[in-house]
Amino acid sequence: MRLLTLSLDALAALRDATEGSQPDLAAAATLGELVGADFVRLGVTEEMRPVREADVRAVRGAAAALELRMAPVPALVKVALETQPERLLLASEGRKGRVTSGPLDFRAWGAALPPVVRTLHEAGLQVAVRISPDLESVKAAHAADLTAVEFFTGALIDLPEAERRAGLERLTDATRLAAKLRLSVGIGGGLGIRDLATVLAAAPAVQGVAVGRSLISRALLVGLDRAVRDFRERLG
């Protein structure tokens, strides 16, 4: 069974955007896990917005399986070492005020990345990396001594039909190579409930799916418990 990761960043952003709104991230984490989420994800940035340090502590205490999504910078490595989440996802840091983040740029990080990965591994933390769905990114992740990748699907979902088919083919090839290299494979970014069947058909080896804004949007209509169950059922 594929793993479902529930990202709560959109709830934190909703709190900041809506005066007087105080969604309880810890309660959402507990409920999400009770009804089918395998991991709860928080995306942390150097400015600790919209997810705050207090959110990380509260969800750490409430969630059985916490994942932090973060850029591999010293301040956030320190947060990870102090928090000791079950998993880490290294990614680019989203632009100020935004909860989304993109693939990690291996070329930009160069020789600075391996020491960060080594430090996290030595602390006993599971480390994955968010990458573009292409062969070169898979090879770079493998060379960096990472054992798990999450293909970023955010740039794929809204493409015109012809371009989307080509993008799905690239995802298929990248997933096959990752599996051949014995990397654990996940997908995440922009995935809605209607997209899952198409994307998973292109990448049947995917072991985990991360969803956030689309699930939270659905939860506003049907409740968080029903929204998590709906996504859970679509994973197969």
Side-chain angles (χ1 to χ4, degrees), residues 1-14 23-44 51 55-56 58-60 62-70 85-91 99-101 103 125-131 133 147-154 156-157 168 171 174-175 178-179 183-236:
M1 180 180 292
R2 294 185 177 97
L3 300 178
L4 174 63
T5 297
L6 168 61
S7 174
L8 296 180
D9 297 357
L11 274 183
L14 180 65
D24 189 331
L25 271 64
T30 299
L31 178 57
E33 288 186 331
L34 284 174
V35 297
D38 299 288
F39 285 86
V40 173
R41 173 182 294 177
L42 293 177
V44 291
V51 174
D55 296 326
V56 176
V59 174
R60 168 71 286 183
L66 172 65
E67 178 184 270
L68 292 183
R69 188 196 71 236
M70 51 176 261
E86 277 65 37
R87 296 195 316 195
L88 289 172
L89 178 66
L90 302 180
V99 299
T100 56
S101 68
L125 299 176
Q126 296 183 36
V127 185
V129 61
R130 172 172 276 187
I131 63 174
T147 58
V149 297
E150 179 179 286
F151 290 120
F152 179 62
T153 51
L156 172 65
I157 298 304
L168 289 170
L171 175 63
T175 302
L183 299 176
S184 176
V185 180
I187 55 174
L191 290 170
I193 199 164
R194 295 180 181 178
D195 306 308
L196 285 177
T198 300
V199 176
L200 290 174
V206 162
Q207 298 160 286
V209 176
V211 290
R213 287 182 296 173
S214 60
L215 190 150
I216 297 301
S217 296
R218 190 176 184 84
L220 295 176
L221 298 175
V222 302
L224 184 63
D225 53 346
R226 172 67 181 277
V228 172
R229 288 190 179 103
D230 287 347
F231 273 85
R232 174 84 268 171
E233 290 173 2
R234 297 295 180 97
L235 295 190

(message) When you measure from the side chain of R130 to the backbone of P103, do you find a donor-acceptor pair of N or O atoms at a distance under 3.5 Å?
(response) no

(request) Could you tell me whether a side-chain N or O of R41 sits under 3.5 Å from a main-chain N or O of E67, the two making a donor and an acceptor? (result) no

(message) I need the minimum non-hydrogen distance between D38 and E33, along with the two atoms involved.
(response) O-OE2, 4.5 Å

(message) With a 3.5 Å distance limit and no angle check, can you tell me whether T153 reaches the backbone of G188 through a side-chain donor-acceptor pair?
(response) yes

(message) Pairing donors with acceptors under 3.5 angstrom, does anything connect the side chains of T5 and R87?
(response) yes

(message) Using a strict threshold of under 4.0 Å (side-chain N to carboxylate O), is an ion pair present between R234 and D230?
(response) no

(message) Salt bridge check, D9 against R69: does any charged N sit closer than 4.0 Å to a carboxylate O?
(response) yes

(message) Distance check, rounded to the nearest 0.5 Å: L215 atom CG versus L224 atom CG?
(response) 6.5 Å

(request) Specify the closest pair of heavy atoms between D195 and G190, including all atoms of both residues, with the distance to one decimal. (result) OD2-O, 3.8 Å

(request) For T175 and F151, work out which heavy atoms get closest and say how close. (result) OG1-CE1, 3.6 Å

(request) Kindly give the heavy-atom pair with the smallest separation between A26 and A58, and that separation in Å. (result) CB-O, 3.8 Å

(request) Would you confirm whether T147, through its side chain, and L183, through its main-chain N or O, come within 3.5 Å as a donor-acceptor pair? (result) no

(message) Within the 4.5 Å heavy-atom criterion, are L168 and L156 side-chain neighbours or not?
(response) yes

(message) Does any part of the side chain of E150, heavy atoms only, come nearer than 4.5 Å to the side chain of I131, both counted from C-beta?
(response) no

(message) Would you say that L4 contacts V228 through its side chain, given a criterion of any heavy-atom pair below 4.5 Å between the two side chains?
(response) yes

(request) For residues F231 and L191, report the shortest heavy-atom separation together with the two atoms involved. (result) CE2-O, 4.3 Å

(message) Give me the atom names and distance for the closest heavy-atom approach of A179 to V185.
(response) N-CG2, 4.5 Å

